[in-house]
Number of protein chains: 2
Amino acid sequence: MTAAGNDQASRPVGRRLERAGIRDVAAAAGVSITTVSDALNGKGRLPDATRRHVREVADRLGYRPSAAARTLRTGRSGLIGLTVTTYGEEPFTFTEFAYFAEMARAATSAALARGYALVILPASSRHDVWANVALDGTVVIDPSDQDPLVSELVRQGVPVVSDGRPAGSLPVHAWVDNDHEEAVLSILDHLSAAGARRIGLLTGTSTDTYTKLSTTAYLEWCERVGQEPVYEAYPAHDPCAGAVAADRLLSRPDRPDAVYGLFDPNGTDLLAAARRYGLRVPDDLLLVCCSESGGYAGTDPPITTLSLQPRRIGTAVVQLLIDAIEGVGPAHPVQQVMPTELIIRASSQRRPHRTTVSPPRGPGRGQG
Amino acid sequence: MTAAGNDQASRPVGRRLERAGIRDVAAAAGVSITTVSDALNGKGRLPDATRRHVREVADRLGYRPSAAARTLRTGRSGLIGLTVTTYGEEPFTFTEFAYFAEMARAATSAALARGYALVILPASSRHDVWANVALDGTVVIDPSDQDPLVSELVRQGVPVVSDGRPAGSLPVHAWVDNDHEEAVLSILDHLSAAGARRIGLLTGTSTDTYTKLSTTAYLEWCERVGQEPVYEAYPAHDPCAGAVAADRLLSRPDRPDAVYGLFDPNGTDLLAAARRYGLRVPDDLLLVCCSESGGYAGTDPPITTLSLQPRRIGTAVVQLLIDAIEGVGPAHPVQQVMPTELIIRASSQRRPHRTTVSPPRGPGRGQG
DNA sequence: GGCCCCTGCTGAACGGTTTCTGCAAGATCT
DNA sequence: AGATCTTGCAGAAACCGTTCAGCAGGGGCC
């Protein structure tokens, strides 16, 4: 059956009308598929007339090359992964949401500008989705040495660039990070210059390089200037713990007269704690925290923040990754250190003394 | 040449050592590639022993199926697109950054939870990247009728779900939106209840449905309660224009004693403008704005905000999209209207006059 | 005139998986 | 014992571009 004499096409008669393939275009244009491919991709040796003709026929048929087929053949998907640590169900940690959002936005832009699209993936390499998406390369934010994600990717030959120094000896192709020591030192100096005598630190208990480097820099600074360290550490992924730690820090007998908080919500938490203890900011307590949130421009008082410049980081990371994918740039690992920006607001500057008389206050005064 | 007697494999001798393919696994396990595929995907009729054996060999060889090949064969990539309007170079509009960030985050989570990954794409369908990525479906935020993106996607058979009612008669498979009329009315009622006599609106000049619906609802409310409309419209994508418009609104001869701002930065802008004109908030001016930014909890005073609940929207949109992709759920277009949330803070509540002796309290007063 | 090169185009292999069809051998039933 | 069913597995097509190798014909060169 179906042996009816229509010998015009060797393709099955009942072919689905779904989408035009390159073979359909070739047939309609009266050329070979090679010619179609070359014409559409600007390759081969073809006169302009042929190119135009093929392009026109392709347009008429609404031809869209199959990305999957192209990826399979060329080994390039045009996709780069962005993987972020996951606590619970949500990607992005709560405490560093603004950072990740900005960084991801910049990374997306940078990727798009170079013709790549960005896919957001969970940090656990065990998630199914990793197996189902063809990646040309991956950006890993704060890679941990726990998860074998990076090693696994590298083993598969996928270029990996990390935001943050890789822990241990992870074989990333490049990394980008801030100069955290320098940042902490500049803040401590800034606070000292504003009149701080005892600077406290609100830090984290986790072992990521950001926390470690910052804390170490603080301790070294204390040693150098001869100040006793005054700090509280808490699990940074727990938003409530931050408020408690801020409270602890300000209720200590050796209460600091200036505090730097390493995490985004610390500003709010410290402000609230200061209010509880009747401390005026900046008169009784100078405040700086690391944050990308613009909200600290509108608090009372506005809080000085350290920006890690996630936009720059996201852009740089993607550039390095795509360079690695495309084989341009140096073959050896690249390490790029980016500056931070201290946005100075009222909370870290002593007011010109208007009322002078402000006796030392005891702790535990309500919201007078 | 190379005719040396090793007839063990018909594959070329110098095969690259790159990655093990399904054929390698089949050869190593002494079975056919069909058996490998079935064993690994839990299909076919195979005894457990064979399944285990194949799995073990695959593990030993570090076999990872090629996502590209699978996509080519099955027509499923496991990728869904999220496309956002682009102003200039950055994806996400500046004014609604927090909204998009939260929405994208929720969408990413929801997609991941169902085994899909999310790709962020530019709103212009002309961008090359659209042709290079195989999408199972797309979420479009605030689709405009200018860009033929949606029609083009639908023509290609790609399911499309939109966040925001589609303008014109775009053939989306489903949409999700807030009940903007209801939201505006509830805010106006809230402000009235707080003592507002003349409520102003800070709105936009663009023609998207959010702006249109909200403005219309305001005008109708004014007509119903017999208030003369007092509003200023400005191009919402221009951050400076917002500050100017806020200033204009508060400098009018018929100055409102309460204002609702449709866009995220309006709260800050109105607060600054109020300060310039010596207006105390909430005593002289009640303020509400639509925002997802947590920063308004920390301003002085804290500002009441309307949240569009981008998390819910992002989740819902992705669920609908994946339902459409997988063919579950209703075949006909779905329209889902989500509630908003009014987060009441000091800026929209007349302060209880503390200096006076507290009058008899009515029911439902706050935390006494 | 013979040789070589250049132009314009084509055939066919290739990439790696999924899946339909089908076959042989053993088990079960009558 | 023969018919039928089930089990366990294999062969090969299909998915759809890209690209290597090469062919025919025309022109230029010595």
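Residue numbers begin at 1 in each chain, while the letters A, B, ... track the order of the sequences.
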What residues in residues 45-58 of chain A put a non-hydrogen atom under 4.0 Å from any atom of DNA chain C?
-> Arg45(A), Leu46(A), Pro47(A), Thr50(A)

Looking at residues 34-44 of chain B, who's got a heavy atom less than 4.0 Å off DNA chain C?
-> Thr34(B), Ser37(B), Asp38(B), Asn41(B), Lys43(B)

Specify the separation, in whole Å, of atom CZ of Arg76(A) and atom P of dG15(C).
-> 17 Å

So which of residues 61-74 of chain B are in contact with DNA chain C, with a heavy-atom cut-off of under 4.0 Å?
-> Tyr63(B), Arg64(B), Pro65(B), Ser66(B), Ala69(B), Arg70(B), Leu72(B), Arg73(B), Thr74(B)

note: Ile22(A), atom CD1; dA14(D), atom P; distance rounded to Å ~ 18 Å

Is it true that a side-chain atom of Ser162(B) and a backbone atom of Trp175(B) form a donor plus acceptor pair closer than 3.5 Å?
-> no

Would you list the pairs meeting side-chain hydrogen bond (donor to acceptor under 3.5 Å, both in side chains) in which at least one residue belongs to residues 56-65 of chain B, sequence neighbours left out?
-> Glu152(A)-Arg64(B)

With Ala131(A) via side-chain contact (heavy atoms from CB on, under 4.5 Å) - residues at least two apart | none

Can a donor-acceptor pair be found between the side chains of Ser32(B) and Thr35(B) at a distance below 3.5 Å?
-> yes

Not counting sequence neighbours, list each pair that qualifies as a salt bridge (charged side-chain N to carboxylate O under 4.0 Å, His left out) and has a residue in residues 312-323 of chain B.
-> Arg114(B)-Asp323(B)

To the nearest angstrom, how far is Ile33(B) atom CD1 from dA13(D) atom C1'?
-> 11 Å

Give the rounded distance in Å between these two atoms: CZ of Arg23(A) and P of dG11(C).
-> 12 Å

